[in-house]
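If you're wondering where the values come from, they're calculated on a predicted model, not measured in any experiment.
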Amino acid sequence: MAIRPATFTLAHAVDVLKEHHLLREIVHGRRWTLDATGLPGANRPIGSITYDTRKVEPGSMLFVKGRFKPEFLDGIDGKGLAVYVAETEYADRTQAIGVIVEDVHKAMSLLSAAFYGMPQNELKVIGITGTKGKTTTAYLAHAIMNGHSHGHCALFSSVNLCLDGHTMLESKLTTPESLDAFRMMREAADNGMRYLVMEVSSQAYKVDRVHGLTFDVGAFLNISPDHISDIEHPTFEDYFRCKRRLIANSRSLVLGADCDHHDLLVQDAAEAGIKVTEFALHDALRGLDSPAQVIARVDPGNKAGFIVSVNGSDHAPMELDMSGEFNIANAAAAVAIAIEAGVPASDPSIAAMCRVQVPGRMERIKADDDLLVYIDFAHNYLSVKSLVDEMVRTYGERHPRITLVSGTTGGKAIDRREGIVKGALGRVESFIFTLDDPNYEDPTDIARQMQSYVTDPAALTQIVVPRERAIEKAIADAYEHADRFNIVLVIGKGDETRNIIDGRPVPYEGDGAVVRRVLGK
């Protein structure tokens, strides 16, 4: 249980907001002021903080954000609300003191950090961003640093959270809301954690979930268009701009040498005055004067294995439990991150990443010698292209017949509909479009739109909306082509066991469970 510091008071909160030029005024009844002195309870410790009116208790501070309705405050005084922080005053709804701010999301991040005693200062915090590979890289880096610190590394990922070095809990967001993030940092620090590895999404900067947080190591893996929609990022430039903010808020940068817009990112680092360490999946890096350059290359004696070189010194050959060249690139990133975080290049804990399996990532299910099924979270152009590239690299000599089972989300990331198809065109012979979190959209309409992007006249396309039936159909079709070596790629959901339909989560068997049921595994 995260413990709050006894020194967090209304007066302290006002001082923090003034320091960051966020305070507009304090409202208490008819009194409007900038001075907390003399206000009731100004120096009384705040008992709890929340952004959910249902969790208000005596002495609470409430952050009013998002799709908030004023009627949510009806009866709130009976719960003992002490202070609310908002961008407008609600004196007609509550007698609680109102702290009116320029930006409630920024205020919530700064005040949450203060409430929980600045736990980030007790951890070495690593933030990882990029279009593809954040989760896998985070898991690999976590394994290395957990091994190095003897189980004292925490993790925030889109799949799981780990606050004690060994217990995995299901996560809800790629990057938690700031209040939740600092609460969990406090818990991790109190549990004796020394490191924290966390994914940092573009939305985390778009809505200021990590405002005021400085990463000891920031990692920028790659970039390509994604999350472009009316409710996420209106343009690629906006998406990229949000991700670039990680650099100005880091003390050092780990950068993919082959990342698009590489030169701009290096310029960002120069503007921020921070060191750059590059990683790559090839034999030569761009000439950058950096003390820790990390290169991974495929082991010539083992197509599934790889060799990591740090500053020209080779490690012994390794092999990940998760196959794929792109995962070897993620491994190079993880090694660079760990070294930049203080793990010696010679530390045997680097090999701990070889035993990592991220749920729903490159999960391989073998039916027989002529049929393989892969379940993967690939859900945009870059991840789908990388996945299909890997199938061709690994199995190309067998001329596989590749089937792709995919849908995509409704109401956001509209560009994925074309990107997923584009990443597979020319190599996938059969597309089966299906349901994947359609939300308020008609999944058939989404599938038809994706189908319209298949320009390969030789490719077969089908729409099978129920996801279970789509997977069953893909495997049945593969058996009908038993004269060929077949690969079925079921993508987009990974290990998720629900679909978002009409705004609500609807239980789903899960891609892995469906495949195993159909194959009798």
Side-chain angles (χ1 to χ4, degrees), residues 135-136 139 157-161 168-174 321-324 357-368 371-380 383-384 387 391 402-413 416-417 420 424 428 430-448 450-451 461-481 486-521:
T135 301
T136 299
Y139 266 73
S157 85
S158 60
V159 178
N160 287 126
L161 305 165
M168 291 292 183
L169 306 170
E170 186 177 356
S171 64
K172 296 180 180 179
L173 292 169
T174 299
D321 279 353
M322 296 181 295
S323 63
Q357 177 65 63
V358 182
R361 267 68 173 178
M362 287 301 289
E363 184 178 355
R364 180 176 180 260
I365 302 173
K366 183 177 180 181
D368 53 47
L371 173 58
L372 296 178
V373 181
Y374 280 88
I375 297 164
D376 192 69
F377 192 63
H379 59 283
N380 55 34
S383 57
V384 173
L387 175 61
M391 296 301 106
I402 302 176
T403 298
L404 185 75
V405 179
S406 175
T408 192
T409 55
K412 63 179 183 178
R416 290 179 182 172
R417 300 176 190 190
I420 289 169
V428 167
S430 176
F431 293 83
I432 299 180
F433 298 110
T434 187
L435 176 147
D436 183 354
D437 293 342
N439 209 344
Y440 293 103
E441 284 195 67
D442 183 337
T444 302
D445 290 343
I446 296 174
R448 284 174 179 159
M450 295 181 74
Q451 186 180 44
T461 66
Q462 302 175 71
I463 294 175
V464 182
V465 171
R467 194 170 179 93
E468 299 91 337
R469 284 190 52 215
I471 296 170
E472 293 165 2
K473 177 65 172 168
I475 293 173
D477 286 354
Y479 280 127
E480 289 180 6
H481 292 81
N486 282 268
I487 299 173
V488 175
L489 305 176
V490 183
I491 67 166
K493 297 204 74 65
D495 67 331
E496 293 177 359
T497 55
R498 68 10 172 199
N499 273 295
I500 304 300
I501 300 173
D502 294 330
R504 304 181 69 177
V506 176
Y508 165 59
E509 187 177 355
D511 289 348
V514 175
V515 171
R516 289 183 177 85
R517 171 171 56 77
V518 173
L519 296 178
K521 296 290 184 178

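Legend: residues meeting side chain to side chain contact (heavy atoms under 4.5 Å, CB included) with Ser171, ordered by chain and number and at least two apart, are Leu161. Every ring-ring contact (aromatic ring centres under 6.0 Å, His included) that Phe431 has, sequence neighbours left out, goes to Phe433. Here Asp495 pairs with nothing under the salt bridge (Lys or Arg N to Asp or Glu O under 4.0 Å) rule; sequence neighbours left out. Partners of Arg498 under the salt bridge (Lys or Arg N to Asp or Glu O under 4.0 Å) rule, at least two apart in sequence or in another chain, are Asp437, Glu496. By the side chain to side chain contact (heavy atoms under 4.5 Å, CB included) test, Ala478 is found to be paired with Leu371, Asn486, Val488, residues two or more places apart in sequence or in another chain being considered. Judged as a side chain to side chain contact (heavy atoms under 4.5 Å, CB included), and not counting sequence neighbours, the contacts of Val465 are Leu435, Pro443, Thr444, Ile463. Checked against side chain to side chain donor-acceptor pair (under 3.5 Å), Thr434 has no partners two or more places apart in sequence or in another chain. In this view, Tyr508 and Asp511 satisfy the side chain to side chain donor-acceptor pair (under 3.5 Å) rule, not counting sequence neighbours. The side chain to side chain donor-acceptor pair (under 3.5 Å) test applied to Asp477 returns Gln462, Lys473, not counting sequence neighbours. Among residues two or more places apart in sequence or in another chain, the side chain to side chain donor-acceptor pair (under 3.5 Å) test is passed with Ser157 by none. Take Lys412 and apply the salt bridge (Lys or Arg N to Asp or Glu O under 4.0 Å) test, not counting sequence neighbours, and it matches no residue.
Remark: Ser383 OG to Asp376 CG distance equals 7.5 Å, nearest 0.5 Å. Between Ser406 atom OG and Met450 atom CE the span is 4.0 Å, to the nearest 0.5 Å. In this structure, the separation between CG on Asp445 and CZ on Arg417 is 9.0 Å, given to the nearest 0.5 Å. Note that CE of Met322 is 6.0 Å distant from CD of Gln357, once rounded to the nearest 0.5 Å. With rounding to the nearest 0.5 angstrom, the CD1 atom of Ile432 is 9.0 Å from the CG atom of Leu404. The OH atom of Tyr374 sits 7.0 Å away from the CD1 atom of Ile487 when rounded to the nearest 0.5 Å.
Put simply, the side chain of Leu489 does not reach to within 4.5 Å of the side chain of Val405, judged on heavy atoms. Side-chain contact between Ile500 and Pro438 is absent, with no heavy atoms from C-beta onward closer than 4.5 Å. The shortest distance between side-chain heavy atoms of Leu387 and Ile491 falls below 4.5 Å. The side-chain heavy atoms of Tyr139 and Pro359, taken from C-beta on, include a pair separated by under 4.5 Å. Using a 4.5 Å cut-off on side-chain heavy atoms (C-beta onward), Phe377 and Thr135 make no contact. Counting heavy atoms from C-beta on, the side chains of Lys493 and His379 never come closer than 4.5 Å.
A donor-acceptor contact shorter than 3.5 Å links the side chain of Asn160 to the backbone of Leu169. Checking side-chain atoms of Asn499 against main-chain N and O of Val506 turns up no donor-acceptor pair under 3.5 Å. The closest donor-acceptor contact from the side chain of Asn439 to the backbone of Gly503 lies under 3.5 Å.
Partner Thr408 forms a side chain to side chain contact (heavy atoms under 4.5 Å, CB included) with one of Asn380, Ile420, Asp436 and no other, that one being Ile420.
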All N/O donor-acceptor pairs, side-chain side in residues 512-521, below 3.5 Å, sequence neighbours left out:
{"residue": "Arg516", "atom": "NH1", "partner": "Glu363", "partner atom": "OE2", "Å": "3.0"}
{"residue": "Arg516", "atom": "NH1", "partner": "Gly512", "partner atom": "O", "Å": "3.4"}
{"residue": "Arg516", "atom": "NH2", "partner": "Glu363", "partner atom": "OE2", "Å": "2.5"}
{"residue": "Arg517", "atom": "NE", "partner": "Glu509", "partner atom": "OE2", "Å": "2.9"}
{"residue": "Arg517", "atom": "NH1", "partner": "Glu472", "partner atom": "OE2", "Å": "3.3"}
{"residue": "Arg517", "atom": "NH2", "partner": "Glu472", "partner atom": "OE2", "Å": "3.3"}
{"residue": "Arg517", "atom": "NH2", "partner": "Glu509", "partner atom": "OE1", "Å": "3.2"}
{"residue": "Lys521", "atom": "NZ", "partner": "Lys366", "partner atom": "O", "Å": "2.8"}

Working for side chain to side chain contact (heavy atoms under 4.5 Å, CB included), residues Val490 and Arg467: CA-CA 10 Å; Val490 183; Arg467 194 170 179 93; 4.0 Å; yes
Candidate pair Ile446 and Asp442, rule side chain to side chain contact (heavy atoms under 4.5 Å, CB included), full reasoning: CA-CA 7 Å; Ile446 296 174; Asp442 183 337; over 6 Å; no
